[in-house]
Amino acid sequence: MAATQDFPIVDAHQHFWDPTLNYYPWLNDEPLIPFRYGDYRALRRRYLPPDYLRDAAGYRIEKSVYVEAEWDPADPAGEMRYVESLRREHGLPTVAVAQAWLDHEDAARVLEQQAAYPFVRGIRHKPAPGAMGDAKWRAGFAQLARHGLRFDLQTAWPHLAEAAKLAADFPDTQIILNHAGLPADRSATGIAGWKAALKAFAACPNAAIKLSGIGQAGREWTAQANRDIVCSVIDLFGVGRCMFASNFPVDGLCTSFRTIFDGFRQIVRDLSLTEQDALFRKNAIRIYGMD
């Protein structure tokens with residue numbers, strides 16, 4: 001499917017970074033850490049809004065959501081100062097999801113600092129297995145609602161029962177699951193487990209989900225390969241709680257921006273134009289408060 005400059009997108013998940021200027025342990029340090037897409041040395045370079053817009057050529061980027069890029073954990077507020085400078089210079093990103101370690105002693109102070117930026121809409125902290133049930137971690141999570149912050153959750157699907165309990169216990173906090181719950185195991189058993197876990201999480205009214213990061217290491221990104229993933233997510237969550245996103249530049253390890261979004265468009269082409277607009281634009285605007 002050909003892309004057109006007239007097709008607008010609100011990208012619900014993307015990153016910028018400059019490892020020559022700032023410290024990102026996973027990008028700056030040796031050795032490489034284990035990663036679902038394998039060797040990621042190609043990411044260890046400056047990636048700024050002009051680079052992103054070149055990658056997105058053929059689509060009209062209306063707005064975007066910057067998601068924390070595992071910046072130096074000793075200075076989480078420094079990342080938002082950097083994002084603020086990018087916004088002044090380039091006009092992107094529109095809003096941001098900041099870093100905070102919810103189980104750290106300084107969590108309350110960091111959340112207050114991050115929430116003070118008017119463009120910050122949420123927090124991401126990738127919880128270790130079992131962390132979402134930990135009292136200290138939950139004490140940090142409990143402070144999000146006071147600041148009007150959403151929570152971007154990145155966890156593999158076997159931990160979604162824990163996430164569903166978290167969502168039920170904190171119904172006033174929007175939880176946005178990243179990368180479709182990471183359905184890396186595409187075997188029949190793996191997909192069945194992923195769907196069951198996702199169904200339990202989708203039952204929580206404060207849960208939403210991003211269709212992003214669904215590439216597979218060493219395999220071509222195609223609509224056919226990802227159709228069941230996309231359609232299953234939409235069936236479980238409904239159109240109104242799903243958002244398409246690029247996860248660029250990370251998913252550039254798998255394929256091009258255009259291949260991903262052409263594929264998304266092909267998969268949902270039988271939906272109404274209103275439903276398609278919700279998936280590609282309006283849901284992200286609403287969920288991340290970009291009105």
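All values below were derived from every heavy atom in this structure, side-chain atoms included, with hydrogens, water molecules and symmetry-related copies excluded. Residues: numbered from 1 along the sequence shown.
- Between the Trp194 side chain and the Ala156 main chain, no donor and acceptor come within less than 3.5 Å of each other.
- The residues Lys282 and Glu275 are annotated as not salt-bridged, no charged nitrogen and carboxylate oxygen being separated by less than 4.0 angstrom.
- Phe244 is linked by a ring pair (Phe, Tyr, Trp, His ring centres under 6.0 Å) to Phe264, Phe280, counting only residues two or more places apart in sequence or in another chain.
- In this structure, CD1 on Ile33 lies 7.0 Å from CH2 on Trp26, to the nearest 0.5 angstrom.
- Shown here are the ring pair (Phe, Tyr, Trp, His ring centres under 6.0 Å) partners of Phe151, two or more places apart in sequence or in another chain: Trp137, Phe141.
- Linking ILVMFWY residues whenever their side-chain heavy atoms come closer than 4.5 Å, directly or via other members, places Tyr47 and Tyr37 in the same cluster.
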Under the criterion side chain to side chain donor-acceptor pair (under 3.5 Å), I'd like the reasoning laid out for Asp11 against Tyr66: C-alpha separation, chi angles, the key distance, then a yes or no. CA-CA 9 Å; Asp11 191 346; Tyr66 171 97; over 6 Å; no

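- Counting only residues at least two apart or in different chains, salt bridge (Lys or Arg N to Asp or Glu O under 4.0 Å) contacts with residues 216-236 comprise Lys195-Asp228.
- In this structure, the side chains of Asp262 and Phe7 stay at 4.5 Å or more apart for every pair of heavy atoms.
- With a 4.5 Å cut-off on side-chain heavy atoms, Trp17 and Pro19 count as touching.
- No side-chain N or O of Arg44 forms a donor-acceptor pair with one of Asn28 less than 3.5 Å apart.
- Cluster membership for Val110 and Leu149, using ILVMFWY side-chain heavy atoms within less than 4.5 angstrom, is not shared.
- At least one side-chain heavy atom of Tyr40 sits under 4.5 Å from a side-chain heavy atom of Leu32.
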- prompt: What do the steps show when you test Tyr23 against Asp29 for side chain to side chain donor-acceptor pair (under 3.5 Å), and what is the final call?
  reply: CA-CA 9 Å; Tyr23 177 49; Asp29 294 349; 2.7 Å; yes

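- The shortest side-chain heavy-atom distance between Leu53 and Leu92 falls under the 4.5 Å cut-off.
- Taking 4.5 Å as the limit, every side-chain heavy atom of Asp185 sits out of range of all side-chain heavy atoms of Ile191.
- Closest approach of Ala163 and Leu153 over heavy atoms only: CB-CD2, 3.5 Å.
- Of the possible polar contacts, one joining the Asp75 side chain to the Gly78 backbone as a donor-acceptor pair under 3.5 Å is found.
- Across all their heavy atoms, Arg124 and Asp152 have their closest contact at CG-O, 3.3 Å.
- Ion pairing between Arg138 and Asp134 fails under the 4.0 Å rule for side-chain N and carboxylate O.
- Note that CD1 of Ile260 and OG of Ser212 are 9.0 Å apart. Values are rounded to the nearest 0.5 Å.
- Looking at every heavy atom in both residues, Arg186 comes nearest to Ile214 through NH2-O, 2.8 Å.
- The residues Arg46 and Asp18 are annotated as salt-bridged, a charged nitrogen and a carboxylate oxygen being separated by less than 4.0 angstrom.
- One distance of note links SG of Cys231 with CG of Leu236; it measures 11.0 Å at 0.5 Å rounding.
- Using a 4.5 Å heavy-atom cutoff, the side chains of Leu177 and Lys210 are not in contact.
- In this structure, the ring pair (Phe, Tyr, Trp, His ring centres under 6.0 Å) partners of His104, at least two apart in sequence or on a different chain, are Trp101.
- There is no path of hydrophobic side-chain contacts, each under 4.5 Å, that joins Ile285 to Phe261.
- A pairwise comparison of heavy atoms in Pro93 and Arg87 identifies O-NE, 3.0 Å as the closest pair.
- A continuous path of Ile, Leu, Val, Met, Phe, Trp and Tyr side chains, each step under 4.5 Å between heavy atoms, connects Phe248 with Leu211, placing both in one hydrophobic cluster.
- At a threshold of 4.5 Å between side-chain heavy atoms, the hydrophobic network of Ile, Leu, Val, Met, Phe, Trp and Tyr places Met80 and Leu86 in one connected group.
- Here the straight-line distance linking atom CG of Asp72 with atom CG of Asn22 works out to 9.5 Å at 0.5 Å rounding.
- Taking the six-membered ring for Trp and thresholds of 30 and 60 degrees, Phe16 and Tyr52 have ring planes more than 60 degrees apart, a perpendicular arrangement.
- When side chains are defined from C-beta on, Pro25 does not count as touching Glu70, because their heavy atoms never get closer than 4.5 Å.
- Nearest heavy atom pair, residue Phe237 against residue Cys242, reads CB-SG, 3.7 Å.
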Chi angles and distances behind the side chain to side chain contact (heavy atoms under 4.5 Å, CB included) call for Glu89, Leu48: CA-CA 11 Å; Glu89 183 174 355; Leu48 300 177; over 6 Å; no

Start with the C-alpha gap between Asn247 and Gln14, add the side-chain angles, then the distance that decides, and say whether side chain to side chain contact (heavy atoms under 4.5 Å, CB included) holds. CA-CA 5 Å; Asn247 192 35; Gln14 52 84 207; over 6 Å; no

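- How far CD1 of Ile175 is from SG of Cys204: 7.5 Å, rounded to the nearest 0.5 Å.
- One finds a salt bridge joining Glu62 and Arg60 here, because a Lys/Arg side-chain nitrogen approaches an Asp/Glu carboxylate oxygen to under 4.0 Å.
- Residues Gln154 and Asn178 come closest through the heavy atom pair OE1-OD1, 3.6 Å.
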Report the C-alpha separation of Leu198 and Ile209 in whole Å, then their side-chain angles, then the decisive distance to 0.1 Å, and conclude whether the side chain to side chain contact (heavy atoms under 4.5 Å, CB included) test is met. CA-CA 10 Å; Leu198 212 60; Ile209 191 166; 3.9 Å; yes

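- Counting heavy atoms from C-beta on, the side chains of Ser246 and His13 never come closer than 4.5 Å.
- Atom CG of Leu102 sits about 8.5 Å away from atom CD of Gln143, to the nearest 0.5 Å.
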*Evaluate the side chain to side chain donor-acceptor pair (under 3.5 Å) criterion for residues Asn283 and Tyr288: first the C-alpha distance (whole Å), next the side-chain angles of each, then the deciding distance (0.1 Å), finally the verdict.*
CA-CA 8 Å; Asn283 291 344; Tyr288 280 106; over 6 Å; no

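- Of the possible polar contacts, one joining the His15 side chain to the Val67 backbone as a donor-acceptor pair under 3.5 Å is found.
- At least one donor-acceptor pair under 3.5 Å links the side chain of Thr94 to the backbone N or O of Ser64.
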(message) salt bridge (charged side-chain N to carboxylate O under 4.0 Å, His left out), that's the test. Do Lys126 and Glu68 meet it? Break it down for me.
(response) CA-CA 11 Å; Lys126 299 176 183 178; Glu68 64 89 17; 5.4 Å; no

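- With sequence neighbours excluded, no residue forms a salt bridge (Lys or Arg N to Asp or Glu O under 4.0 Å) with Arg146.
- With Asn206 contributing its side chain and Thr173 its backbone, the two residues share a donor-acceptor pair below 3.5 Å.
- Dense packing is recorded around NZ of Lys63, with more than 12 heavy atoms of other residues, nucleotides or ligands lying under 6.0 Å away.
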Verify side chain to side chain contact (heavy atoms under 4.5 Å, CB included) between Phe257 and Arg54, making sure each step is shown before the conclusion.
CA-CA 10 Å; Phe257 189 105; Arg54 278 193 295 273; over 6 Å; no

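- Side-chain atoms of Arg121 come within 3.5 Å of backbone N or O of Pro118 as a donor-acceptor pair.
- Every residue two or more places apart in sequence or in another chain was checked for a ring pair (Phe, Tyr, Trp, His ring centres under 6.0 Å) with His159, and none qualifies.
- One N or O on the side chain of Ser85 and one on the backbone of Tyr82 form a donor-acceptor pair closer than 3.5 Å.
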